[in-house]
Trainee: 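Next up is a structure, given as structure tokens.
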Amino acid sequence: MKKLIGLLVVLMLACPLGGLVGVAALVTAVASSCVSLVVGTIPDSLTAQTLDGRSIILDRQQLTHAGTIITIGGQTANVGRAGVIVALMAALTESTLRLLANTSAFTESAAYPHDGVGSDHDSLGLFQMRPSSGWGTVAEVMDPSYQARAFFGGVSGPNAGSPRGLLDFAGWQMLDPGAAAQAVEVSAYPDGE
């Protein structure tokens with residue numbers, strides 16, 4: 001328990017989005033020759049405070065999406081805890097961890113499980129990935145597991161480096177987590193990461 005509390009304090013100080021602290025409570029580090037990320041029981045909701053003092057409430061569905069990102073990151077070589085934090089920051093910024101359809105760009109996106117409707121260009125899903133930019137088909141991008149794999153990228157990623165996922169950027173670990181997220185997202189709001 002002390003290790004988990006220590007992790008939460010470090011994350012609160014290191015991450016621009018304090019809501020990530022609450023999501024990190026779902027992660028348990030298991031030490032061995034490498035660090036594994038394991039998702040624990042997902043609560044019905046979680047209230048966290050951002051660094052600027054605002055409270056945010058994540059519901060069970062948002063926390064389930066965070067669990068998917070954590071699980072995929074834990075299964076992907078060279079992602080580790082740092083890469084998962086970058087991905088959680090990006091998904092919190094892009095969609096507040098909501099799987100968003102976009103019926104104005106893709107009417108068929110509403111036929112897939114989703115948590116709401118967004119309207120940013122032709123962006124879809126947790127990371128607001130754009131099929132027109134090569135992130136995948138509508139069906140693929142509406143799948144949270146696919147989106148997490150695409151965000152992480154690398155040799156096991158579904159996009160073969162185009163568009164580039166986190167692991168496709170040499171030295172991403174040396175970047176500020178927000179800058180690393182922005183490198184993948186190429187967001188119109190880079191200061192949001």
Side-chain angles (χ1 to χ4, degrees), residues 17 19-20 23-24 26-27 36-46 58-81 83-169 172 180-187 192-193:
L17 187 55
L20 178 59
V23 175
L26 299 174
V27 179
S36 297
L37 299 174
V38 178
V39 175
T41 303
I42 297 174
D44 290 334
S45 68
L46 184 120
L58 300 174
D59 65 26
R60 184 175 188 78
Q61 189 62 36
Q62 290 167 297
L63 296 171
T64 298
H65 294 316
T68 298
I69 293 167
I70 293 165
T71 298
I72 298 296
Q75 296 169 348
T76 306
N78 302 316
V79 168
R81 192 177 303 147
V84 167
I85 289 170
V86 170
L88 289 170
M89 288 173 59
L92 280 163
T93 300
E94 294 294 329
S95 70
T96 324
L97 282 167
R98 293 172 50 231
L99 186 64
L100 298 176
N102 185 336
T103 54
S104 62
F106 302 103
T107 55
E108 69 271 27
S109 65
Y112 297 95
H114 61 283
D115 306 321
V117 176
S119 61
D120 181 29
H121 301 288
D122 63 339
S123 300
L124 297 168
L126 299 171
F127 294 99
Q128 290 294 277
M129 293 177 170
R130 299 177 72 185
S132 67
S133 296
W135 284 107
T137 67
V138 172
E140 289 169 332
V141 176
M142 289 302 293
D143 174 1
S145 294
Y146 175 90
Q147 275 220 349
R149 287 192 317 277
F151 181 87
F152 293 125
V155 295
S156 65
N159 294 322
S162 181
R164 295 189 295 174
L166 184 64
L167 296 173
D168 299 310
F169 290 94
W172 67 266
Q182 174 60 13
V184 177
E185 291 293 319
V186 192
S187 172
E193 306 289 354

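Everything numeric here is computed off the predicted structure, so don't read it as measured data.
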Trainee: When you measure from the side chain of Asp168 to the backbone of Gly165, do you find a donor-acceptor pair of N or O atoms at a distance under 3.5 Å?
Mentor: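 Yes: the side chain of Asp168 pairs with the backbone of Gly165.
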
Trainee: To check you understand the geometry: which heavy-atom pair defines the closest contact between Gly125 and Ser95, and what is its length?
Mentor: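 For Gly125 versus Ser95, the nearest heavy atoms are O-CB, 3.8 Å.
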
Trainee: For Asp122, which residues count as a salt bridge (Lys or Arg N to Asp or Glu O under 4.0 Å) partner, sequence neighbours excluded?
Mentor: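 Partners of Asp122 under the salt bridge (Lys or Arg N to Asp or Glu O under 4.0 Å) test: Arg130.
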
Trainee: Side chains of His65 and Leu99: closer than 4.5 Å at any heavy-atom pair?
Mentor: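 In contact.
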
Trainee: Restricting to side chain to side chain donor-acceptor pair (under 3.5 Å), what partner residues turn up for Ser133, sequence neighbours left out?
Mentor: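 Applying side chain to side chain donor-acceptor pair (under 3.5 Å) to Ser133 gives none.
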
Trainee: Measure across Glu140 and Gly136 and return the closest heavy-atom pair with its distance rounded to 0.1 Å.
Mentor: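 Result for this residue pair: OE1-CA, 3.2 Å.
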
Trainee: Just how far is it from atom OG of Ser104 to atom CG of Asp120, taken to the nearest 0.5 Å?
Mentor: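 Rounded to the nearest 0.5 Å, the OG-CG separation comes to 9.5 Å.
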
Trainee: Would you say the side chain of Asn102 lies within less than 4.5 Å of the side chain of Val117, judging by non-hydrogen atoms?
Mentor: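 SC-SC contact between Val117 and Asn102 ruled out.
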
Trainee: Please tell me if the side chains of Ser109 and Thr107 come closer than 4.5 Å, counting only heavy atoms from C-beta onward.
Mentor: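 The answer is no; the side chains never approach within 4.5 Å.
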
Trainee: Where do Ile72 and Ser145 land on the side chain to side chain contact (heavy atoms under 4.5 Å, CB included) test, with the steps shown first?
Mentor: CA-CA 7 Å; Ile72 298 296; Ser145 294; 4.3 Å; yes

Trainee: If you compare all heavy atoms of Val84 against all heavy atoms of Gly73, which two are closest, and at what distance to 0.1 Å?
Mentor: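 Closest approach of Val84 to Gly73: CG2-CA, 3.8 Å.
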
Trainee: Using 0.5 Å steps for rounding, measure from the CH2 atom of Trp135 to the OG atom of Ser162.
Mentor: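 Trp135 atom CH2 to Ser162 atom OG measures 9.0 Å (nearest 0.5 Å).
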
Trainee: Hey, what do you get for CH2 (Trp172) to CG (Leu167), rounding to the nearest 0.5 Å?
Mentor: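 Going from CH2 on Trp172 over to CG on Leu167, the span is 6.5 Å.
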
Trainee: Measuring from atom CG of Leu37 to atom CD1 of Ile69, what distance do you get when rounded to the nearest 0.5 angstrom?
Mentor: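 Between Leu37 CG and Ile69 CD1, I get 12.5 Å after rounding to 0.5 Å.
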
Trainee: Would you indicate whether the side-chain heavy atoms of Val141 and Gln147 approach each other to under 4.5 Å?
Mentor: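 Answer yes - side chains close enough.
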
Trainee: Residues in side-chain contact (heavy atoms from CB on, under 4.5 Å) with Ala180, at least two apart?
Mentor: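 Scan of Ala180 (side-chain contact (heavy atoms from CB on, under 4.5 Å), adjacent residues dropped) gives Val86, Leu166, Leu175.
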
Trainee: For Phe127, which residues count as a ring-ring contact (aromatic ring centres under 6.0 Å, His included) partner, sequence neighbours excluded?
Mentor: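 Phe127 satisfies ring-ring contact (aromatic ring centres under 6.0 Å, His included) with Phe151 once adjacent residues are dropped.
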
Trainee: What distance separates Asp115 CG from Leu97 CG, expressed to the nearest 0.5 Å?
Mentor: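 Rounded to the nearest 0.5 Å, the CG-CG separation comes out at 9.5 Å.
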
Trainee: State, yes or no, whether a side-chain contact exists between Ser156 and Thr76 at a heavy-atom distance under 4.5 Å.
Mentor: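 The answer is yes; the side chains approach within 4.5 Å.
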
Trainee: Check the pair His114, Leu100 against side chain to side chain contact (heavy atoms under 4.5 Å, CB included), reporting the backbone distance first and the verdict last.
Mentor: CA-CA 6 Å; His114 61 283; Leu100 298 176; over 6 Å; no

Trainee: Within the distance-only criterion (no hydrogens, no angle test), does the side chain of Glu94 pair as donor or acceptor with the backbone N or O of Gln128 below 3.5 angstrom?
Mentor: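 No, Glu94 side chain to Gln128 backbone: no donor-acceptor pair under 3.5 Å.
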
Trainee: Any idea which heavy atoms bring Pro113 and Met142 closest together, and the distance?
Mentor: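 In terms of heavy atoms, the two residues are closest at O-CE, 3.7 Å.
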
Trainee: Determine the minimum heavy-atom distance between Pro163 and Gly134, stating which atoms define it.
Mentor: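 Of all heavy-atom pairs spanning Pro163 and Gly134, the closest is CD-O, 3.2 Å.
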
Trainee: Please report the shortest heavy-atom distance between Ile42 and Thr64, naming the atom on each side.
Mentor: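 So the minimum-distance heavy-atom pair works out to CD1-CA, 3.8 Å.
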
Trainee: Excluding sequence neighbours, so at least two apart, what forms side chain to side chain donor-acceptor pair (under 3.5 Å) with Glu108?
Mentor: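 Partners of Glu108 by the side chain to side chain donor-acceptor pair (under 3.5 Å) criterion come out as none, since no residue qualifies.
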
Trainee: Rounded to the nearest 0.5 Å, how far does CG of Leu126 lie from CD of Gln62?
Mentor: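 Atom-to-atom, Gln62:CD and Leu126:CG are 10.0 Å apart.
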
Trainee: Which pairs pass salt bridge (charged side-chain N to carboxylate O under 4.0 Å, His left out) with one or both residues in residues 59-76, sequence neighbours excluded?
Mentor: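 Residue pairs with at least one partner in residues 59-76: Asp44-Arg60.
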
Trainee: Heavy-atom distance under 4.5 Å between the side chains of Tyr112 and Val138, does that happen here?
Mentor: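 Side-chain contact under 4.5 Å: yes.
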
Trainee: Hey, are the side chains of Pro43 and Leu63 touching, using non-hydrogen atoms and a 4.5 Å cut-off?
Mentor: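 Side chain of Pro43 against side chain of Leu63, heavy atoms only: contact under 4.5 Å found.
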
